[in-house]
Amino acid sequence: MRVLNQRAVLDRLRADGPATRPQIARQTGLSKPTVGQALLDLEQHGLVRAIGRTTAGPGRSAVVYEPNPAAGHVLGVDVGRQRIRAAVADLAGRVIARVDERNRCRSAPALVKAVAEVSSRAAAEAGLAPADLVVKVVGLPGVPDRRDGTLRHAPNVPGLERPGLLADLEDALGAELLVENDANLAAVGEQAQGAARGAEVFVCVSVGTGIGMGIVVDGRLFRGAHGAAGEIGYLPWSPGGGHVEAVAAAGSVVALAQEHGLVARSARDVFAAARSGDERALAAVRDEAGRLAFAVASVVAVIDPELVVLGGGIGRSADLLQEPLEAALRRLTPFAPKVVAGELGDGAVLSGAVAMGLRSARDLVFDRRG
């Protein structure tokens, strides 16, 4: 019962913010002496701390308590084709250190070493040892197969599909490691701090070198039976065996522009030309929006999301894609959801990694108290 009381008090502080003993008693239904004992236990274990006293209102002032943000720390890592990013956050979610460097790796061993080095640097900048990190979350472009420790369906980053990669990462980073698909983490990040705050059923479409989708149903990340939910790049595009990723990822935008007579080196160049009013680039953007709409509509028919969040490199041009994408969706389905730009940009995956790590870390520090 004592443990249950501690959990109830700590959950109340985490959910609703700082409070006094009388306030916690009223909101939890526990007696004041019970709350007082729970707060004493939690304070001794370093899980809560006093931050002052009330000053307003009649009667004696009361001590105000909050969860101790320094009771644990989490590490988030985003491994992309171009960059490796790492961040360390306390239990309040405040990022206290961040490292961002170019990804030059061309093999799995080199990648594992680079992730370990970036993570150690982030911990050191936070004034922590790697062992102080309660939970580590690494976002990768692919589907983690925990049965054999392999990352599958990750052709865009060299070396990621090497057998045993997940075990190698755990050896390098330590226990309590979570490896998650990057599109899933982008959805978690947008839900926690971005455009999907408050949304219960939504999808986050990440379009860049590849294309993926994070799906949230009833407020929770939906992975499917094998972790492959949201792998919309594998949706069939033609009876001949083509897939959506081949016709809707960043490379296809350049090809579409060329079909309209515009020579461009990158999708960024195409969107820049469209933003300046180039009709050839605008036509390519409309074509891209139509292809994305096909993939989204396929999911809408099954999931019925209230919101579609555009992310990834191409998602940063949502100001150009939003209107033609919504128009194409209305032509394809009577259940067209609202389309919005992601708010976190290239930080969405990292924010999602930290948010996911916090959910696990907060339970772990309680279970390990004392």
Side-chain angles (χ1 to χ4, degrees), residues 72-89 95-186 188-189 206 208-210 212 214 223 226-228 231 312 346-358 360-361 364:
H73 294 84
V74 301
L75 170 75
V77 181
D78 170 19
V79 179
R81 183 179 179 86
Q82 302 296 331
R83 315 290 301 179
I84 300 176
R85 301 178 174 92
V88 174
V95 173
I96 57 178
R98 177 167 174 164
V99 174
D100 184 334
E101 70 174 34
R102 194 166 178 80
N103 183 2
R104 297 180 174 85
C105 304
R106 291 297 176 264
S107 68
L111 181 67
V112 171
K113 181 180 179 182
V115 169
E117 290 176 349
V118 169
S119 301
S120 294
R121 283 172 51 201
E125 289 190 14
L128 303 168
D132 295 326
L133 302 170
V134 179
V135 174
K136 287 80 69 174
V137 180
V138 177
L140 293 167
V143 180
D145 188 337
R146 293 167 179 82
R147 295 170 300 179
D148 61 3
T150 301
L151 191 75
R152 304 192 183 281
H153 312 298
N156 293 317
V157 180
L160 283 188
E161 297 188 49
R162 175 181 178 273
L165 174 69
L166 304 189
D168 292 344
L169 281 171
E170 186 169 4
D171 289 341
L173 298 182
E176 306 301 341
L177 171 67
L178 304 175
V179 177
E180 184 59 78
N181 171 264
D182 56 357
N184 285 348
L185 289 179
V188 172
S206 296
T209 305
R223 296 181 177 88
H226 305 96
E231 290 293 317
D346 60 12
V349 175
L350 196 56
S351 293
V354 169
M356 183 174 287
L358 288 172
S360 297
L364 279 172

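Just so you know, these numbers come straight off a predicted model, no measurement behind them.
With hydrogens and angles ignored, the 3.5 Å screen pairs a side-chain donor or acceptor of K136 with a backbone N or O of A175. No donor-acceptor pair under 3.5 Å is formed between the side chain of D145 and the backbone N or O of T150.
A186 approaches S206 most closely through the heavy-atom pair CB-OG, 4.0 Å. Of all the heavy atoms in L173 and A116, the pair that sits closest is CD2-CA, 3.9 Å. Nearest heavy atom pair, residue P141 against residue D182, reads CB-OD2, 3.4 Å. Pairing each heavy atom of P130 with each of A123, the nearest pair is N-CB, 4.4 Å. Taking each heavy atom of A89 and V354 in turn, the nearest pair found is CB-CG1, 3.6 Å. Considering all non-hydrogen atoms of both residues, E176 and V134 come closest at CB-O, 3.2 Å.
Residues V99 and I84 are not in side-chain contact: their nearest non-hydrogen atoms beyond the backbone lie 4.5 Å or more apart. Side-chain contact between L178 and S360 is present, with heavy atoms from C-beta onward closer than 4.5 Å. Between L128 and L133, some side-chain heavy-atom pair lies under the 4.5 Å cut-off. Within the 4.5 Å cutoff, the side chain of V138 has heavy atoms near those of the V79 side chain. Counting only heavy atoms from C-beta outward, the side chains of H226 and V143 never approach each other to under 4.5 Å. The shortest distance between side-chain heavy atoms of E101 and V118 falls below 4.5 Å.
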Inset, instruction - Using the side chain to side chain contact (heavy atoms under 4.5 Å, CB included) rule, take D78 and L185 through it: C-alpha gap first, then chi angles, then the decisive distance, then the call. - result: CA-CA 9 Å; D78 170 19; L185 289 179; over 6 Å; no
Inset, instruction - Step by step, work out the side chain to side chain contact (heavy atoms under 4.5 Å, CB included) result for H73 and I96. - result: CA-CA 10 Å; H73 294 84; I96 57 178; 3.6 Å; yes
Inset, instruction - Could you please spell out the steps behind the side chain to side chain contact (heavy atoms under 4.5 Å, CB included) verdict for L350 and R98? - result: CA-CA 10 Å; L350 196 56; R98 177 167 174 164; 3.8 Å; yes
Inset, instruction - Please lay out, stage by stage, how L169 and L140 fare under the test side chain to side chain contact (heavy atoms under 4.5 Å, CB included). - result: CA-CA 12 Å; L169 281 171; L140 293 167; 4.1 Å; yes
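Pairs passing the salt bridge (charged side-chain N to carboxylate O under 4.0 Å, His left out) check and including a residue from residues 346-356, sequence neighbours excluded, read R85-D346.
A search for side chain to side chain contact (heavy atoms under 4.5 Å, CB included) contacts involving S351 returns Q193, L344, not counting sequence neighbours.
Taking CG of N181 as the start and CZ of R223 as the end, the distance is 9.5 Å to the nearest 0.5 Å.
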